[in-house]
Amino acid sequence: MTDRRDIPYRFEPTATAAELHGVYGDLAAGQESGVGATVAGRLMLRRIQGKLCFGTLDDASGRIQLFAPASVTPDYDCFCGLSIGDWVGATGEVMKTRRGELSVKVEDWRLLAEARRRFPDKWHGLADTDTRYRRRYVDLWVTPEARRAVAIRSAMVAAIRAELARRGFVEVETPMLHPIAGGAAARPFVTHHNSLDCDFYLRIAPELYLKRLIVGGLTRVFELGRIFRNEGLSPRHSPEFTMLELYEAYADYTDMMTLTEEVVAAAATAATGAAEVPVGGRTLDLAAPWRRATMAEVVSEHLGLELPATGGPASRAAAELRTEADRHDVATEAGWSAGRILAEIYERRVEGELWDPVFVCDFPVEVSPLARRHRSIDGLVERFEAVAAGRELANAFSELADPDDQRSRFAAQESRRRSGDGEAMRTDEDYLRALEYGLPPTGGLGLGIDRLAMLLCGAETIRDVVLFPTLRPEAGSGES
RNA sequence: GCCCCCGUAGCCAAGGCCGGCAAGGCAGCGGACUUUUAAUCCGAAGACCGUGGGUUCGAAUCCCACCGGGGGCACCA
């Protein structure tokens, strides 16, 4: 008759494992439903009893047992000869075994794909991280957390899009190939376009293009996409990662705080069922509202003394902060303002200690070349970083709209670049031209999607929320 | 770029300090078994011990270099 090794061109499952458990979970042990179903998936376990064979089939939804008596199952010997890892489609009555395991009685079956390579140990799975990342297609079958991370991340991103759509934001796509790598301080990847015969940079941020769109009259825009930074790898850094950036006309950074805490809490609830998530054995409560504090406040709290936030490089405030920096082993440079030193102490010694979500507000102007000057404090800008579980989640500001101020900020960056700072920003003349057409008051926000996914998944490394992490290419072709 | 740790069969792994025939389990192969749940039982097999050098009568084990991974530092508005 039919050759069971023949692979069909299409196959129609009528139910998933989860659906069958939902509908027939109440069957009594040993009971037959009288209803047939067709399931498909990978055979992950197999128990042969002579004239009776049990298999465990995994599909995207979960697991279902295959119950195959020799008297019922066609080509029974072939069925028993299936390997762990083979893709199988099976049709038959839904029933429960005497021991109460919901099963499909295999009255017909097809091999859908052969697993020529042996699967990892059914109990211990994959322990070698290198293999897990390089062969994610195997890892996804044997590591439940890997599948869970995919589901959580997907639900999280969907919820973010839904929240933004509900608020009237328009999703756009701006270039990834940039003639000038702008919008952040980072080293870019360089590539070359042949027919234009010029170099392009993979974007390090979409910021400058999105603000051009605010100038263009799109008053609420966002982009959710990959950006690239040619820098070191770590459990929190990947050369390519996903960023949400959004811009809202007529809004300032306080509006961005409200938006951030609401969107993040909604995403957490949608993805994990609660705004409280377990992270490293502790609980992180992401429910709004989050604490708001100035950088000077959080640093003062952490060091246990009142510290100033502003003052020129020669001021008493700067001297006082430099003393504290030295005391806490934070390196500073001559010529730094009080705010710059404060920011350095914050980044090196305080940020990692902040557990509950907090908006750390008001950064020094020198490290924020695209943010608008603070409305009441000289030397600072209206900017915040959202921090949770010691990790930076988001960065936002009241956007700098004044083209003259922006030009002088770019000039300051250029002079830094001349003195050897490879990450300083370049002047973007077209962006200045856009500002000269008029950018209304605007609030902008950047949110690290991978970092948030890490929190929601309880992941210790960014590689666990990225399907195919960047690795050095394999030298050989593979094993066996 | 620097420092530390790891690499033993398709997978999980013992052995490494203190050099002497490379344990065990899963998967795979052969056999038994009609209600199993990591099925069980019997049998046979499977290893350039990451790669290349060195020390030694003898190296998975000690030393050096390299490759790959992990962690830390630096870098990361």
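Computation of the quantities below employed the complete heavy-atom set of this structure, encompassing side-chain atoms and omitting hydrogens, waters and symmetry-equivalent molecules. Quick note on labels: first sequence line is chain A, next is B, and so on, each numbered from 1.
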Give a yes/no answer on whether the side chain of [X] brings an N or O atom under 4.0 Å of OP1 or OP2 in [N].
X: A:K122; N: B:rA39; answer: yes
X: A:R134; N: B:rG68; answer: no
X: A:R348; N: B:rC75; answer: yes
X: A:R118; N: B:rG10; answer: no
X: A:R236; N: B:rG71; answer: no

Item to check | Consecutive-pair stems (3 or more, Watson-Crick or G-U, under 3.5 Å) for RNA chain B | outcome: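 Listed by first number, the stems are B:1-7 with B:67-73, B:10-12 with B:24-26, B:29-32 with B:40-43, B:50-54 with B:62-66.
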
Next on the checklist: With rounding to the closest Å, how many angstrom separate the C1' atoms on B:rA22 and B:rG16?
Outcome noted: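 Approximately 12 Å lies between the C1' atom of B:rA22 and that of B:rG16.
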
Checklist entry - B:rG68 and B:rG52: how far apart are their C1' atoms, nearest whole angstrom? => result 15 Å

Item to check | Of the listed nucleotides B:rG69, B:rU35, B:rA77, the one nearest the side chain of A:R472 | outcome: B:rG69

Item to check | Separation between CZ of A:R463 and OH of A:Y133, rounded to the nearest 0.5 Å | outcome: 5.5 Å

Next on the checklist: So if I take residues 406-426 of chain A and measure heavy-atom distances to RNA chain B, which residues fall below 4.0 Å?
Outcome noted: A:E423

Checklist entry - Can you list the residues that meet the side-chain hydrogen bond (donor to acceptor under 3.5 Å, both in side chains) rule with A:T131, with sequence neighbours excluded? => result A:D128

